[in-house]
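Have a look at the structure below, then the notes.
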Amino acid sequence: MTLRFRALAALALLLPLSVQGVQPLLAQSAPKAEAAAKTPWLYRGSDVPQDKEWVFGELPNGVRYALRKNGVPQGQVAIRIRMDVGSLHEADNERGYAHLLEHLVFRQSRYLAEGAAIPTWQRLGATFGSDTNAETSPVATTFKLDLPNTTPDKLDESLKLLSGMMIAPALTEANVRTEVPIVLAEKRERGGTGERVAEATQQTLFAGQRLAVRQVIGTTEALQAASQASVRAFHTRWYRPENAVIVIAGDIEPALMEAMVRRHFADWPVTGKPTPAPPFGDPVAPAGADPANPVGETRVLVEPELPRGITYAVLRPWRQVQDTIVYNQGLMLDSLAQAIINRRLEARARAGGSFLFAQVGQEKVSRSADATFVSITPLSEDWTKSLTEVRGVIADALATPPSEDEIEREVAEFSVAFESSVEQRRLLAGAKLADDLVTAVDIRETIASPETVLDIFNRSRALFTPEAVHRHTRRLFTGAVTRAVYVTPQAGEAEATQLAAALARPAVPDDRARPGGKPISFADMPPLGEPGQLVAETPTGLLGIEQLEFANGVKVLLWPTTDEPGRVSVKVRFGAGYRAFSSGDAAYIALGDMALVGSGQGTLGQEELDRISTGRKMGYDFEIGDSSFQFSADTRSADMTDQLYLFAQKFAQPRWDANPVLRAKAAARLRYESFAASPQGVLERDLEFLQRGRDPRFRTATPREVEAATPAGFRQVWQPILERGPIEVQLFGDFTREAAIAALSRSFGALAPRQPLGQGLQPARVPTLPASARPIVLDHRGDPSQAAALIAWTTGGGMAGISESRQLEILSNLFQNRLMDAMREKLGAAYAPQVFNSWPQDLENGGAMTAMAQLAPKDVPVFFATAEEIAANLIASPPSADELERVIEPLRQQISRASTSSAFFMFQLEGATAEPAKFGALRTLLPDYTRTTPEAMQALARKYLGPGRSWRAAVLPQGPASAVAATESEAMAAAAAMQSERQTEGR
């Protein structure tokens, strides 16, 4: 896993359990020395109240464990084994070994034959990549298994297998030679422009530290030189019991878990003395730097395919802390300081600033630095103006304490987040709890229950004064050194010395971004009309879901349920989606996602929308579907009425502010050029356009087209969409039926009757590409070693064929396993090929089964040949019963887990008020996905995957396409060569 820089540390990461501080308002007495040994290992040196639902322990050999009973989802157990070794532990000639070893551990071990790990867990219902996975960071390697439908015997067997992987992997020369090409394929796929910028940024910001030159993926030279002896030495040095933490959270009693951990990990031998971790180094200012503003290394990167971006960091040495209540109160003040500055930066950008976005965020990075990052996206080549404006906003925060109103606004936001965590604690999945505990180990801090976090927060409110926030703001921007990177598409636009000089200049405080205006309340909002009357109340026969209809034609699917306490989900489906657009609307379609909500409603512009929802759990997501538009939000019963009002007001009193449209135009222009920087970007830009037969509605608008769009044109396209077509509201969650109907009658029930959809509605069919053996060739301007290829077999669409579409999902998974085995395991040509099935339910056609992979340009013909060979084999012979079961069991478990959430039923029933067949389709969902035969799969392959039924595309580096584009003859030749090679291997 490659290191990623976050401009703003999320609140959940800042306070995964913690809550940090400045005064000992709630300080408890330190643990007494004689009691220290009884304190769970995670809490030693901390006065944070222990989360008693976790059971902690240590084995005599040093293995630590944390265990928890959790029934979400029912029957699942999440297992995490964290080894305290990452890329920062590698010697120069071992760069990439921590990640390589992650791969080798899965390949073969004491209890698992070569290549048997993935099939073994598939038979137990775990899906590779989502349920079974691992990740390597600069400081740790974590192995993850989410085991569904778990019995004690299944868990015991899994822990036995995992113990063999950790203690005795088969680190043979043959396995090393097999796995290195797969890792190099991953390195190639993750490389290119984005990775190059990330590495250069890492080298600059952490100059002089180990992190600067320790990318997780490693170096080609070190990986190619890896051998049985060198990898075994690395494993012996770091895969030791005292470096292991085992975390299990799931639907089994902790006493049973503990007995299994002891059974399988207590005999892990301790051999020799442990190797201490190497020093990671500290950020240090260069000689002669100004102590008051120690500007250090700066760098300008010219990347023609990327938008402009400035990242600068104020870096402090990382030191392990005592994770106490006082410390956590300090983190809370840090978070408040960041939230206030970020709100001001957003206000400045909205008001016509010279930057599109800017954010600040504090983060402890890989136990190497405690850093405050500032990220800026300039709107033009005048980067100094953007940097000056952002530094001016920050300088104002450094010069003057925030107002009490500002603090109270952010405190209200924190409060609702913590309260919601308490309300929804029963919904926390075991996998999330396990991951949170691993994160706590990573950062060397503790973890607490939601109740503890809320209690400490509420009892700490007296600390949140303007003076305290001001002190923490100053600390956030005080450090040992400040470093910066500027990415620009234009050569000669800036030099590193100019960037350093700009940071060295004193920043002039700019108070224009300070918030103003009076508090806004929903109580002051005008009514939308007379409360509507219900004209129909019909049980659906599914669970407790009911269909309602108001006199104005609005239909509602209503499900009051206490299964998910504290959670209310709202979806509003309206209009005709892409069918409402004409062929020339591509630019306005692109702008809608960002500008439609931001353009306001009634008396509420962007700032007012933010202000009125302060301290409330509310949302305003928007998406465009094949035949409808949708607003959605997660809220709670206390805010449900106002959330419904907010959505309904968008229809009753739309507003058309220009600034959000202009800002969305700037974002679209900046984003467009970055698409060409990689094969992935090109597919993001063009794939849907190709899948829909080059229908212009699905084309990504060019910068010239976006530039030509106007606020008046935006309104002309989107106003009729808000006025026409039916509305369906889904309201599922923890509320009473009476309260929900009352809220609906005053919001959606109060709307005027909707106008019918217009005459220009597009048909419920989309164009499709004709079958062809010769690929469509697209080009990218990124790394010349990268390419992508896809092949798609057209299928169908509509509810009439929904059962067949689900059977196609089984076939797609069979295809995926075979493609993974061929392209990754046998050839080392691709790291993670994918196969996915699409079947539009709201259109009559447009579905496809698509296989795709990122690979080297020379391997594009091999990919096409391999895919065709797999298709031919599925047509010629049915899969074995075991192969089919390894697909069906994970699907069964996925559905069983998903169906414990109301969100699952909301998704399945979207549009059901207009398409009643969706109610029946939900009843057959599980058997459709889990009941089939090898012969049925063969018949489906014959129906859709036959020769001459596919179209294909290749994304190649710029240059003569004929050098790598696969013709039919090339593909056949490659297939013949592959078949010969496999026969040779078989002998």
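R765 and D695 are not joined by a salt bridge, as no carboxylate oxygen comes within less than 4.0 angstrom of a charged side-chain nitrogen. Salt-bridge check for K555 with E728: failed, with every basic side-chain N at 4.0 Å or more from each acidic carboxylate O. Comment: R697 does not engage D585 in a salt bridge, judged by the lack of any side-chain N to carboxylate O separation of less than 4.0 angstrom. Contact check on R123 versus E885 returns no salt bridge, with no Lys/Arg side-chain nitrogen under 4.0 Å from an Asp/Glu carboxylate oxygen. Salt bridge present: R699 and E705 bring a charged side-chain N and a carboxylate O closer than 4.0 Å. For R188 and D783, the salt-bridge test fails: no basic side-chain N is under 4.0 Å from an acidic carboxylate O. Looking at E684 and R671, a side-chain N of the basic residue comes within less than 4.0 Å of a carboxylate O on the acidic one, giving a salt bridge. Taking the charged nitrogens against the carboxylate oxygens, K187 and E195 have no contact shorter than 4.0 Å, which rules out a salt bridge.
Under a 3.5 Å cut-off, the side chain of Q786 and the backbone N or O of G191 do form a donor-acceptor pair. Between the side chain of R806 and the main chain of D928, no donor-acceptor pair closer than 3.5 Å is present. Side-chain N or O atoms of T700 include one that pairs as donor or acceptor with a backbone N or O of R685 at under 3.5 Å. Put simply, the side chain of K665 gets close to the backbone of A709: a donor and an acceptor are under 3.5 Å apart. Within the 3.5 Å criterion, the main-chain N or O of K571 finds no donor-acceptor partner in the side chain of S632. Under the 3.5 Å distance criterion, the side-chain polar atoms of S901 are left unmatched by any main-chain donor or acceptor of A898. Looking only at distances, a side-chain donor or acceptor of Q938 sits under 3.5 Å from a matching main-chain atom of I875. Side chain of E910 to main chain of R573: no donor-acceptor pair is present (N/O by atom type, distance under 3.5 Å, no hydrogens or angles). Looking only at distances, no side-chain donor or acceptor of R886 sits under 3.5 Å from a matching main-chain atom of T120. Between the side chain of T924 and the backbone N or O of A921 there is at least one donor-acceptor pair closer than 3.5 Å.
The minimum heavy-atom distance between L945 and A871, with the atom names listed, is O-CB, 3.9 Å. The two residues G796 and P840 make their nearest non-hydrogen contact at O-CD, 3.7 Å. Of all heavy-atom pairs between D859 and A829, the closest is OD2-CB, 3.7 Å. Taking both residues in full, the closest heavy atoms of L683 and L790 are given as CD2-CD2, 3.8 Å, listed atom of the first, atom of the second, then distance. Considering every non-hydrogen atom in both A677 and T193, the closest pair reads O-OG1, 3.4 Å. In plain terms, the two heavy atoms of F106 and T132 that are nearest each other are CE2-CG2, 3.7 Å.
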- Give the intermediate values and the outcome of ring pair (Phe, Tyr, Trp, His ring centres under 6.0 Å) for residues F698 and F689. CA-CA 5 Å; F698 299 93; F689 177 54; 8.7 Å; no
- May I have the step-by-step check of ring pair (Phe, Tyr, Trp, His ring centres under 6.0 Å) for W793 and F836, ending in yes or no? CA-CA 11 Å; W793 291 268; F836 53 91; over 10 Å; no
- Task: Show the numbers, then the answer: is there a side-chain contact (heavy atoms from CB on, under 4.5 Å) between Q893 and Q76?
- Result: CA-CA 9 Å; Q893 298 306 329; Q76 177 170 297; over 6 Å; no
- Item | Check against side-chain contact (heavy atoms from CB on, under 4.5 Å), R952 and F864 | CA-CA 8 Å; R952 55 193 72 185; F864 290 134; 3.4 Å; yes
- Would V72 and T900 count as a side-chain contact (heavy atoms from CB on, under 4.5 Å) if you check the C-alpha gap in whole Å, the side-chain angles of each, and the deciding distance to 0.1 Å? CA-CA 8 Å; V72 182; T900 62; 5.6 Å; no
- Message: salt bridge (Lys or Arg N to Asp or Glu O under 4.0 Å), that's the test. Do E673 and R781 meet it? Break it down for me.
- Response: CA-CA 10 Å; E673 289 302 327; R781 298 193 291 271; 3.1 Å; yes
- Task: Report the C-alpha separation of F863 and V860 in whole Å, then their side-chain angles, then the decisive distance to 0.1 Å, and conclude whether the side-chain contact (heavy atoms from CB on, under 4.5 Å) test is met.
- Result: CA-CA 5 Å; F863 169 82; V860 169; 5.7 Å; no
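Ring planes of F631 and Y620: perpendicular class, angle over 60° (limits at 30 and 60°). Classified by interplanar angle (parallel below 30°, tilted 30° to 60°, perpendicular above 60°), the ring pair Y588/F714 is tilted.
Interatomic distance, F904 CZ to Q894 CD, rounded to the nearest 0.5 Å: 11.0 Å. A distance of 11.0 Å separates CD in E935 from OG in S877, rounded to the nearest 0.5 Å. Put simply, CD1 on I118 and CZ on F128 are 4.0 Å apart, with the number rounded to the nearest 0.5 Å. The CD atom of E889 lies 9.0 Å from the OG1 atom of T930; values are rounded to the nearest 0.5 Å. If you take CG on L925 and NZ on K918, they are separated by 13.0 Å, rounding to the nearest 0.5 Å. To the nearest 0.5 Å, atom OG of residue S812 and atom CG of residue L891 are 10.0 Å apart.
L814 places a side-chain heavy atom less than 4.5 Å from the side chain of L884. Contact of the F732 side chain with the V570 side chain is not registered, since no non-hydrogen atoms from C-beta on lie closer than 4.5 Å. Two residues are said to be in side-chain contact when any heavy atoms from C-beta on lie closer than 4.5 Å; L769 and R692 fail this criterion. At least one side-chain heavy atom of P307 sits under 4.5 Å from a side-chain heavy atom of S674. Two residues are said to be in side-chain contact when any heavy atoms from C-beta on lie closer than 4.5 Å; R818 and V835 fail this criterion. Using a 4.5 Å cut-off on side-chain heavy atoms (C-beta onward), R579 and D626 make no contact. The closest side-chain heavy-atom distance from F581 to V717 is below 4.5 Å. L427 has its side chain within reach of R567: a pair of non-hydrogen atoms, C-beta onward, lies under 4.5 Å apart.
Using modelled atom types, one finds a donor on one side chain and an acceptor on the other under 3.5 Å when comparing S902 with E564. Side chains of T540 and Q547: a donor-acceptor N/O pair is absent below 3.5 angstrom, by distance only. With hydrogens and angles left out, the side-chain atoms of Q680 and H780 include no donor and acceptor closer than 3.5 Å.
Taking the six-membered ring wherever Trp is involved, the centroid distance between the rings of F651 and F629 does not fall below 6.0 Å. Between W559 and F905, the distance separating the two ring centers is shorter than 6.0 angstrom.
Dense packing is recorded around CZ of R942, with more than 12 heavy atoms of other residues, nucleotides or ligands lying under 6.0 Å away. Counted within 6.0 Å of CD on E688, heavy atoms from surrounding residues, nucleotides or ligands total more than 12; the atom is thus considered enclosed.
With P957 as reference, P857 is the one residue of P679, P857, S785 to meet the side-chain contact (heavy atoms from CB on, under 4.5 Å) rule.
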